[in-house]
Amino acid sequence: MTASVTQTPILRRVGNFLRDNPVIPLIVLLLVLVAVLQYLRPGIVNERWIANTIKFAIPLAMIAACQTLTMLTGGIDLSAGIVATVASFVMATQVPLVGVGPAIAYAMIAAVLVGLLNGVGVAFFRVHPLIMTLGSGLIATGCLQVYQRLVIASGSSVPEFLTWLGTGRWGVVPNAMIVFLPFAALILWAQSRTGFGRLLYAVGSNERAARLSGVRAWQVYLALYVLSALIAGVAGLLYIGMIRTASLSLANALMLPSVAAAVVGGTSIFGGRGGYGGTIVGALILTVLGTLLTLLQMPEGARRVLFGAIILAVTAIYVRLTDQG
Amino acid sequence: ADGFTIGISNTVQGNGWREQMVCSMKAQALVSGAVDGLNIAHRNTDAAGQLEDIRNLIQAGVDAIVVNPANPDALNDAIREATEAGIVVVAVDQSVSEESAFVVSNNQEEYAYLGASWLFEQIGEGSVVYMRGAAGASADDDRDAGFQRALAENPGITVVHEVFTGWQQDQGKQQILDFIATGIPFDGVWTSGIDNVIVDALVESDVPLVPVVGADNAGFVGQLASVDGLVGAAVSNPGSIGGAGMALAIQILQGDVPEDRMVLVDPALWTNATEEGQAQIAAAQNPDLDPEWPVSVSIDGWTTYSMEEIIACRGPGE
Amino acid sequence: MIRLLQKNGWVLGLVALMVLLFVMTKVIQPNFGASGIGALSRAALPFAFATAGMAIVVIVGGIDLSVASMMAVAGVASAALMHALGNEGSLLVILAVLALGLAMGAINGALIVVTKVPDIVVTLAMLFVWEGVALLILSAPGGSAAPALRAIITGPVSVPFLPEAITAFIPKSLVVLVVCLAVVWVPLSHSKLGLWIYAVGSDPLAAFRSGVPIGLTRIVAYALCGLFAALGGLSLTLSTGIGEPIPGPYLMASVAAVVLGGVVLGGGVGGLLGPIIAVFILRILRMDLTLLSVDPNVSAIIEGTIMAVVVMFGGLVALRGRRA
Amino acid sequence: MTEAQADMPILDAVGISKSFGAVAALKDASLRVGRGEIVALMGANGAGKSTLVKILTGVLRRDGGEIRINGQARSVRNPRRARAAGLVPVYQEPSLIPDLDVRANLRLGDTPVEPFMARVKELGIEGLRLDDMIGALPLATLRILDLARALASEPDVLMLDEMTAALPADLVERVLKVVRAEAKAGRSVIYISHRFNEIAQICDRATVLRDGHTVGDLRIEPGVEDRIVELMLGQSLGEGLRVEPRAVARDGTPRVRVRGLRAGTKLGDVSFDLHRGEVLGVVALEGQGQDELFDVLAGFRKPDAGGFDLDGTPARFGHPADAIAAGLTYVPGDRSEGLLMARSVRENIALPLLARPRNWGAIRMKDEATRVKAAIEKLQIDTRAQGEVRKLSGGNQQKVTIGRWVATGVDTLLLFDPTRGIDVRTKRQIYGLVRELSDQGAAVLFYTSELDEVLQACDRAVVIFNGRVVDEIDTQTADHQLLLRAAYGLTEKDRLEAAS
Ligand SMILES: Nc1ncnc2c1ncn2[C@@H]1O[C@H](COP(=O)(O)OP(=O)(O)OP(=O)(O)O)[C@@H](O)[C@H]1O
Ligand SMILES: Nc1ncnc2c1ncn2[C@@H]1O[C@H](COP(=O)(O)OP(=O)(O)OP(=O)(O)O)[C@@H](O)[C@H]1O
Ligand SMILES: [Mg+2]
Ligand SMILES: [Mg+2]
């Protein structure tokens, strides 16, 4: 409170500008990280590296879309990583059995089932999303383990077009952009220019006010968690195209980073604030940060300390700048 | 039938190698005909969780416990409790320091030493990328000992980059791509089993294919046979060690106690640089296998199941 | 009144469930007895400490995602210290590790209060930081535990004048758990500080107006969480005899036990008894699944389903309460 | 005690100022309280009374000014310090911890239990147990507990912020009696209330706030009410503020016919008709059941008995969405309840247009912009800070809550105290708008906590007292005095009877 009073007008004007354009400081930060990287390893920032960085940021950014959308309503989707794994595993193991098309359909059905479970728990039983998605993630993991025993002998196969999408690049542009660009454009458009997107913010910033305006919150929650699972499913397919090996834990490791990407990108975990633009930059920041720490010759422990400290510092500065406190 | 009940304790779930290990235990128990039922504690947990599982198996009154230990020293109390209760304990994959347990172990230090020595000799003089497993895991620590031993014996080799993949495919792939992007030249890659994605990354990046050492995972072995210009070596790290442990447990229960409590299954190395190796690799190919599964699905002299039986992954009573 | 009954009702229900599970265990495994109880309580020890710490921060209205990482730090620190100091330094090691836990928790809390970044974000970042610290202390499992200390949680108690038939059923680890929890929680929950914790979790604004120092209360709650995490880490080292730098599965397990135990995410409601009983329920469940030799993959589904169903049931109860 | 000490005010606040961002809640507020004195703190909604209390009790920090206690300048930095200095408040909202029981709440503030329980009895609450959970107690009880807690700590200066607003009449009597007794015993009291009869009964002096300034300090004596109102409003209750009264034809089927409606403990049995083209006022003191009435009509709760017809057809709502679909739109008095504070003016106004799943798709941005612009212009919303509604001034925020329904088109408008904390100019704009909407055929139900608004904005008013409609008032002939009496349940009939 007192801090804002003592601010000089220039600082305040900068603050206001940043508050209205919250992605800008993030982009600046990203560029700083890239510059540091280039300074430490001259020559690394080349066409190939940029393409690879974007390539790895894409699945992360997609799973982080699940977090962003659910966080806009004050929730979270801890099952997203597992859903991506489920979709990728079901797809890869079904391809030899039923062919590519049906395999992808089955994968998406599996994803949507988890989403429905989440949606029902959150919308009707009012279970805290953290617990609901944690539980559904456990259930999905168990089901996946049972499932893999049924298909172990049939082997697995990743369709050619997914591999092409996941691994190829065209200059600095990885092929996955063909999926991601429309996806990101759709989410960015939807969050501000569709009724559903606006309702996410509305439910997240004041559910009672939304109710007062005639919004039935359960419809929003149900649709949201199913949508989140669908996105996670697609991300899983893209991801397996990149890694090219089916695994029972393929995308699980993206879970915490996806939350971090959304948070670093300025989405409030309490709902009603933020957006996907910041998350995309957040995913890039995390990916570059990962590279930076990988290439720094230091003990693994120190890398992790640095990773956590940087995430915290970025979020704290961001909260200050955009005055969310 | 008055068959045995045998408990299994494993602490990593959702990893092809461990799944194969559990399947080989089941298959071996089934074909032995001496086992009535298996009691499997198979989940992601730490050493303390494994202590819990072993004690639960003791409560369940099993005749033997086959365990893949999370740590060589951490389980000793529970193992002693088990053997004092007359339960046969066989540790597989890694050894345990408790004297009353039998051990059928993959020799992790030897695993790393064998592959690294091959790589260093292949290169002669130059630099390698050292892609380790999970920081803080004891198997990773053992392998590091073997790698360092080989390194000490080959003064012409330097490690240009050392990194932990966490035994995760995506991390490994991103890390090698990042390193390729630095433009720093390297002459070989040693991996702790995250191997096929490394070859993929080299191929996708259009850089010269340097020698790669990996494990005998189906995916990587396939690459050794099919990727043009790839010279590499697969060091066997059979998940079927579980089946061997199961066989040993049954054998002991049937009264045939071995003299040595410790059996080390030394790894084999197949390289496509020699014709002999190419033949071994060709024989090991199995396109039906899950790419995360090691191709060495059996261990001669120990396991007696067939390929179909381990893939079916069925235990007694199922 | 109704609330009071409802609150105790939840704990009573949990106790009933636990007794039922014990009976079921005895049916499944007629030999289940003293050694089984000993095994159970030793297995529950680290979970119970993690859950106690988590419960306190949830009661104060927060959450601590770094609890398992702090346990790892305490575990490796104690293993490394005991390795260096041996039996003689036992007491010193315990005090040092507990102080370390308090400090880690206080740092978490202070960062939350000072940066105004939401709890969940701060502790997510600190999850990585503490994990890194653990790896810096021991890069691989190692160290050792002082045998004198290991004896503290091993075997049954011996009480003079009580026949062994009875004492055999009282494992030392259970006594250690009860004593540690009681020493911290009983005085705390009867103190002003305990009230502050509930008040801040229930309604920070009203608490502030009633003169509660909100920031201080939050920091203390997180410090206590760190203290319990240290106890958890210590118990890990004592039961395994080594220190492991990789965090175990205690984060999600503790959140689940806290919610099952009747502590409301959001703060102000619940206690330690419910969550601790929930820990035992989850451990017995685990044991029964093993005793029944349920397919391990199915048991994951069962555990997840039970968690979701119990919490949905709790959600329904809360909804009906809100309507009334 | 020397002469000088006896004369010295126990509390003397001078030139207090406080801003919340762009809103200056207090500019130059002064308040002086002598020992054993009961001072009424008066002022229109939003004048800054509660803010002043919060500053005096350390909940808020003042921007400027000085607080002297017993002649010594003191910084009251937080509630603990204020309490230590003898300043003890009962805030406008209950300030007990909902998840703790009574005993724990007492311990929190170091309140002695015995005196507290004695006070609770004295104030007329029977059967309270120390292990009752606060969250399970009714609002009126909580207000009494708040007061008893304050009294039990033996304060030098007791501050009561609209203490009686939610209390039933019998409890009000007890409270007034106790407060008077406290003053006799030498304690000082700052008493905030909108109820003149209470002020007249117990207060010695009144300090009047207007727009954050102290504008007057008067002894309470017969006939002072008019003077206070004049000071509060800045002008006499005269012609200047009045919108021309009009006659409205009320024939045909009423738009809304409320029949014997009962809900909760407060709304007993209410019936009235609301026609198209009319603005029907609801006159009620705090807590007479008006909240429940609006909640039922807006679809937030179901009635316990009775019901209502819309255009002659019985209606029943399960969700506000049902009410909106039937054309009933609700504007809450509490802006924070109705607005998405962190979102833009545009999003707030357009929200109802998107509520139904069939509108979840692409927004026709041009169309939306036109509608929003029209609403903004119609209400003259100051859009300099439209990026986030929370940056708007209170009045402009309130306009946004109304503008939302202007954009969708209004059929029947339920206004619940829509002018709370709004400046006079804005109020008049809102009256004008309401009049205009009704001219276009809308039916408007208008509750306000400020009686005089009824005269300015409504064509007719029903008086609700104790959960029942006790009177109907024709605003063309009524005056302030009559409204005031009516609000206290003294109806025209009673007056005539009394007169005869
Ligand atoms: N209006 C408010 N509502 C809720 N919390 C508040 C409010 N004002 C302040 N707080 C928080 O309450 C806590 C305590 O406030 P404050 O700084 O006044 O007390 P303090 O510094 O502990 O007092 P002292 O230094 O005098 O002992 C702080 O964390 C502050 O952010
Ligand atoms: N936290 C806040 N942030 C922004 N504005 C505030 C805040 N609290 C009060 N205000 C504004 O300050 C002004 C004075 O408010 P205050 O609550 O003191 O009025 P009041 O005289 O008590 O009114 P009422 O009779 O309605 O209780 C109002 O315009 C109000 O909107
Ligand atoms: Mg008021
Ligand atoms: Mg007020």
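Just so it is clear: chains get the letters A, B, ... in the order the sequence lines come, proteins before strands, and each one is counted from 1.
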**Report entry** Gap separating the CG atom of L199(A) from the CG atom of L351(D), nearest 0.5 angstrom
**Finding:** 6.5 Å
Query raised in the report: Going by heavy atoms in the side chains, are R364(D) and R193(A) under 4.5 Å from each other?
Result: no
Report task. Go through the atoms of A298(D) and report whether side chain, backbone, both or neither lie under 4.5 Å from a heavy atom of chain A. Result -> neither
**Report entry** Among the listed options A355(D), A325(D), A350(D), G299(D), the residue most often paired with chain A at heavy-atom distances under 4.5 Å
**Finding:** A355(D)
Report summary line: Counting heavy-atom pairs under 4.5 angstrom with chain D, the leader among Q219(A), R211(A), R198(A) is R198(A)
Report summary line: Pair count under 4.5 Å, heavy atoms only, with chain A: among I363(D), L354(D), L353(D), highest is I363(D)
Report task. Find out whether S205(A) and M341(D) are in side-chain contact, i.e. whether some heavy atom of one side chain is under 4.5 Å from a heavy atom of the other. Result -> no
Report task. Can you tell which part of L339(D) gets under 4.5 Å to a heavy atom of chain A, answering side chain, backbone, both or neither? Result -> backbone
Query raised in the report: Rounded to the nearest 0.5 Å, how far apart are CG of N206(A) and CD of E337(D)?
Result: 8.0 Å
Query raised in the report: With only heavy atoms counted, which part of A323(D) is less than 4.5 Å from chain A, the side chain, the backbone, both or neither?
Result: neither
Report task. Any chance you could measure S213(A), atom OG, to Y330(D), atom OH, to the nearest 0.5 Å? Result -> 12.0 Å
Query - Between CG on residue N359(D) and OG1 on residue T194(A), distance to nearest 0.5 Å - result: 11.5 Å
**Report entry** Region of A190(A) that comes under 4.5 Å of a non-hydrogen atom in chain D
**Finding:** neither
Query raised in the report: Within a strict 4.5 Å, meaning less than it, do heavy atoms of the R208(A) and F300(D) side chains meet?
Result: yes
Requested in this report: Kindly give the heavy-atom pair with the smallest separation between G214(A) and A321(D), and that separation in Å.
Outcome: O-CB, 3.3 Å
Query raised in the report: Is chain A contacted by the side chain of D322(D), its backbone, both, or neither, given a heavy-atom distance below 4.5 Å?
Result: both
Query - Heavy-atom proximity to chain A below 4.5 Å, by part of R356(D) - result: neither
